Participant: 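Sharing a structure here in structure tokens format.
The model shown is predicted, which means the values in this text are computed figures rather than measured ones.
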Amino acid sequence: MGRDARSWDESDVRIRPSKKGSRPRTKDRPSHDDAVIGRIITVDRGRYRAIVGEDSADERIVIAARARELRRNPVVPGDFVALVGDVSGSPDTLARLVRVEERKTLLRRSADDTDPIERVVVANADQLVVVVAAANPEPRTGFIDRALVAAYDAGIEPLLLITKADVKDPAELLANYLSLDFPVIISRTADSEAGGIDARSDDGLSARLDKVAVSQLRSHLGGKVTVMLGHSGVGKSTMVNALTGAERATGGVNAVTGRGRHTSSSALALKLDDAPSGSWIIDTPGIRSFGLAHVDPDRILHSFPDLEPGTETCDRGCKHGATATNCGLDAWVNDGHAGPSGVARLASLRRLLGADPRLEAKETKELGTVN
């Protein structure tokens, strides 16, 4: 060997450092056993407002950002979530939302009846209040039927609230639902001499509500999480203001189109005034369509209990649609078993079962913005 020769071993090999760092990759995630649980009350531009320590001396609002691993998971008002980091609720602090707790119920919709992508509206609701006006804007049974199907499918109890009954008698509308077993509350706008409850918005005095109707609705809300759903201009947010003391923006009706103007831009959970613990109202934003693509056709049929018994005489594999032959629903309705509104109810069911995008588009145009 020459003078400069030497022995080489593995210590002389240069290892190029990894660009991704030396930390080994793992699918294991922290358990976050120290996380605190909060209830989401609203979502705004990637920030989640949650109430922590509910009904305790330490109740506070915590603002959080969602952890990266949850970015594909929808987080909506009503969700219970696990929060870590700075959960003090102090100004200019931000916690991290690391887990969505198991949901009891989930109200969903799709963009239309052919869209396979479902959109989560609210979580953990006990009750859905479908709000329609007797007139101005005109009520649509198609929207009511869709909301009822979504509620029954989610395991949420429905309630129908009809406002502006002083403008038009809602008897014709109610005839469609006489055979169904859910509460119906009728509200009239009270004049200054008849008394009533003032509900205020950001613009000041918005309406004087019927005391009896407000009291009746309140009796159904104690200890429950309730979702309010309805068109713009039907008085939904005004009723929410009366029940909670909030100043949720309200909107009137366009004199040209007959549709309500969009006001609320996000869903917001509000505590019910002078009510038992756990009494919440979630006021929802505008929804331009309420598709049911995520609901199995058999479950849609279950939402029409006045018609479902008629399917017992159907041929095997009957789809119950408008083109179905020997469908037992026709004889059931013709024999009067579904009541005087049976024909209209069957037509509504078949529109939902048909999943015809042209019908959905027509109905959406008629409904206008839902708020």
Participant: Would the distance check show the side chain of R350 and the main-chain N or O of H320 forming a donor-acceptor pair, the cut-off being under 3.5 Å?
Facilitator: yes
Participant: Apply side-chain contact (heavy atoms from CB on, under 4.5 Å) to residues L292 and R109 and explain how you reach the verdict.
Facilitator: CA-CA 6 Å; L292 299 173; R109 70 176 182 92; over 6 Å; no
Participant: Are L301 and L352 joined in one hydrophobic group, where the rule is that I, L, V, M, F, W and Y side chains link up if heavy atoms are under 4.5 Å apart?
Facilitator: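 Linked within one cluster.
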Participant: Donor-acceptor pair, S348 side chain versus A344 backbone, under 3.5 Å?
Facilitator: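 Side chain of S348 to backbone of A344: no pair is present.
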Participant: Are side-chain heavy atoms of V212 and R188 found at a separation under 4.5 Å?
Facilitator: no
Participant: Using the side chain to side chain contact (heavy atoms under 4.5 Å, CB included) definition, which of the options N334, L349, T313 pairs with L329?
Facilitator: L349
Participant: Answer yes or no: is there an ion pair linking R103 with E101, defined by an N-O contact shorter than 4.0 Å?
Facilitator: no
Participant: Would you check if P137 and V234 make a side-chain contact, meaning some heavy-atom pair closer than 4.5 Å?
Facilitator: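 Side-chain contact under 4.5 Å: yes.
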Participant: Quick one: which residue pairs count as a side chain to side chain donor-acceptor pair (under 3.5 Å) with a foot in residues 121-134, not counting sequence neighbours?
Facilitator: K104-D126, Q127-T226
Participant: Is a side-chain donor or acceptor of S279 paired with a backbone partner of G223 at a separation under 3.5 angstrom?
Facilitator: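 Here the side-chain-to-backbone pair exists.
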Participant: Compare all side-chain heavy atoms of L353 with those of F304 and state whether any distance is below 4.5 angstrom.
Facilitator: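 A side-chain contact is absent here, since even the closest heavy-atom pair is not under 4.5 Å.
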Participant: List the steps and the verdict of salt bridge (Lys or Arg N to Asp or Glu O under 4.0 Å) for D145 and R351.
Facilitator: CA-CA 10 Å; D145 291 340; R351 281 196 299 271; 5.3 Å; no
Participant: I'd like to check P170 versus I162 (side-chain heavy atoms, cut-off strictly below 4.5 Å). Are they in contact?
Facilitator: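 Touching, per the 4.5 Å side-chain cut-off.
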Participant: Would you check if V43 and P77 make a side-chain contact, meaning some heavy-atom pair closer than 4.5 Å?
Facilitator: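 Sidechains of P77 and V43: in contact.
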Participant: For a quick test of reading the model, state the closest non-hydrogen atom pair linking L229 to T284 and the distance between them.
Facilitator: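 Result for this residue pair: CD1-OG1, 3.6 Å.
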Participant: Are the side chains of V129 and L217 in contact, using a 4.5 Å heavy-atom criterion?
Facilitator: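 With C-beta onward as the side chain, the pair touches.
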Participant: Okay, side chain of T244, backbone of K271: is any donor-acceptor separation there less than 3.5 Å?
Facilitator: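 Side chain of T244 to backbone of K271, a donor-acceptor pair under 3.5 Å: no, none is there.
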Participant: Rounded to the nearest 0.5 Å, what separation is found between the CG atom of L346 and the SG atom of C327?
Facilitator: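 Between atom CG of L346 and atom SG of C327 there are 7.0 Å.
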Participant: If you take all heavy atoms of I185 and A213, which pair is closest and at what distance?
Facilitator: CG2-O, 3.9 Å
Participant: Step by step, would you call D79 with R39 a salt bridge (Lys or Arg N to Asp or Glu O under 4.0 Å)?
Facilitator: CA-CA 6 Å; D79 265 324; R39 184 199 300 264; over 6 Å; no
Participant: Is there a side-chain contact between I40 and L97 in this structure, where contact means two heavy atoms from C-beta onward sitting under 4.5 Å apart?
Facilitator: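 A side-chain contact exists here, since the closest heavy-atom pair is under 4.5 Å.
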Participant: T105 vs V225, test: side-chain contact (heavy atoms from CB on, under 4.5 Å). Steps then yes/no.
Facilitator: CA-CA 11 Å; T105 62; V225 177; over 6 Å; no
Participant: Which heavy atom of L307 sits nearest a heavy atom of G342, and at what distance?
Facilitator: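 Closest pair (atom of L307, atom of G342, distance): CD2-O, 4.5 Å.
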Participant: Rounded to the nearest 0.5 Å, what separation is found between the CG atom of L94 and the CD1 atom of I63?
Facilitator: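 It comes to 7.5 Å.
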Participant: Is there a path from Y48 to L270 through hydrophobic residues (I, L, V, M, F, W, Y) whose side chains come within less than 4.5 Å of each other?
Facilitator: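 No, Y48 and L270 fall in different hydrophobic clusters.
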Participant: Is there a side-chain contact (heavy atoms from CB on, under 4.5 Å) between L159 and F182 once you walk through the steps?
Facilitator: CA-CA 6 Å; L159 185 154; F182 58 80; 5.9 Å; no
Participant: Nearest 0.5 angstrom please: L148 CG to L160 CG, how far?
Facilitator: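 Answer for the CG-CG pair, L148 versus L160, is 7.5 Å.
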Participant: If you group Ile, Leu, Val, Met, Phe, Trp and Tyr by side-chain heavy-atom gaps below 4.5 Å, do M228 and V120 land in one group?
Facilitator: no
Participant: Any donor-acceptor pair under 3.5 Å linking the side chain of K236 with the backbone of D283?
Facilitator: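 Not at all, since once roles are kept as given, no pair shorter than 3.5 Å links the two residues.
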Participant: What heavy-atom pair brings A35 and A82 nearest, and what distance separates the two atoms?
Facilitator: CB-CB, 3.8 Å
Participant: Measure the NZ-CD distance between K224 and E157 for me, rounded to the nearest 0.5 Å.
Facilitator: 7.0 Å
Participant: Does the side-chain contact (heavy atoms from CB on, under 4.5 Å) test come out yes or no for I37 and V52, once each step is laid out?
Facilitator: CA-CA 7 Å; I37 304 300; V52 174; over 6 Å; no
Participant: Linking I/L/V/M/F/W/Y whenever their side-chain heavy atoms sit closer than 4.5 Å, directly or via other members, would L268 and V76 fall into one cluster?
Facilitator: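 Each belongs to a different hydrophobic cluster.
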Participant: Roughly how far apart are R68 CZ and L70 CG, rounded to 0.5 Å?
Facilitator: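 Taking CZ in R68 and CG in L70, the distance rounds to 12.0 Å.
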Participant: Return yes when atom CG of D181 has more than 12 non-hydrogen atoms of other residues, nucleotides or ligands closer than 6.0 Å, and no otherwise.
Facilitator: no
Participant: Quick check: are there more than 12 heavy atoms from other residues, nucleotides or ligands sitting under 6.0 Å from CD of E59?
Facilitator: yes
Participant: Taking 4.0 angstrom as the limit, do R96 and D86 come out as a salt bridge?
Facilitator: no
Participant: I want to check something: taking the side chain as every heavy atom from C-beta on, are T163 and L161 in contact at a cut-off of under 4.5 Å?
Facilitator: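 Side-chain contact under 4.5 Å: yes.
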Participant: In terms of hydrophobic clustering (I, L, V, M, F, W, Y; side-chain heavy atoms under 4.5 Å; direct or indirect links), are V130 and V121 co-clustered?
Facilitator: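 Yes; V121 is reachable from V130 via cluster members.
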Participant: Please identify each residue that fulfils ring-ring contact (aromatic ring centres under 6.0 Å, His included) with H337, with sequence neighbours left out.
Facilitator: W332
Participant: Keeping the roles fixed (side chain from R66, backbone from N73), state whether a donor-acceptor pair exists under 3.5 Å.
Facilitator: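 Checked: pair present.
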Participant: Quick check: closest heavy atoms across L83 and A64, and the distance to 0.1 Å?
Facilitator: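 Closest pair (atom of L83, atom of A64, distance): CD2-CB, 3.7 Å.
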Participant: Report the distance from atom CG of D274 to atom CG of L243, rounding to the nearest 0.5 Å.
Facilitator: 11.0 Å
Participant: Using a strict threshold of under 4.0 Å (side-chain N to carboxylate O), is an ion pair present between D58 and R60?
Facilitator: yes
Participant: Of all heavy-atom pairs between L128 and A151, which one has the smallest distance, and what is that distance?
Facilitator: CD2-CB, 3.8 Å
Participant: So does V149 get a backbone contact from the side chain of D153, meaning a donor-acceptor N/O pair under 3.5 Å?
Facilitator: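 No: the side chain of D153 does not pair with the backbone of V149.
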Participant: Test your reading of the model: is there a side-chain donor-acceptor pair from N176 to the backbone of L173, 3.5 Å cut-off?
Facilitator: yes
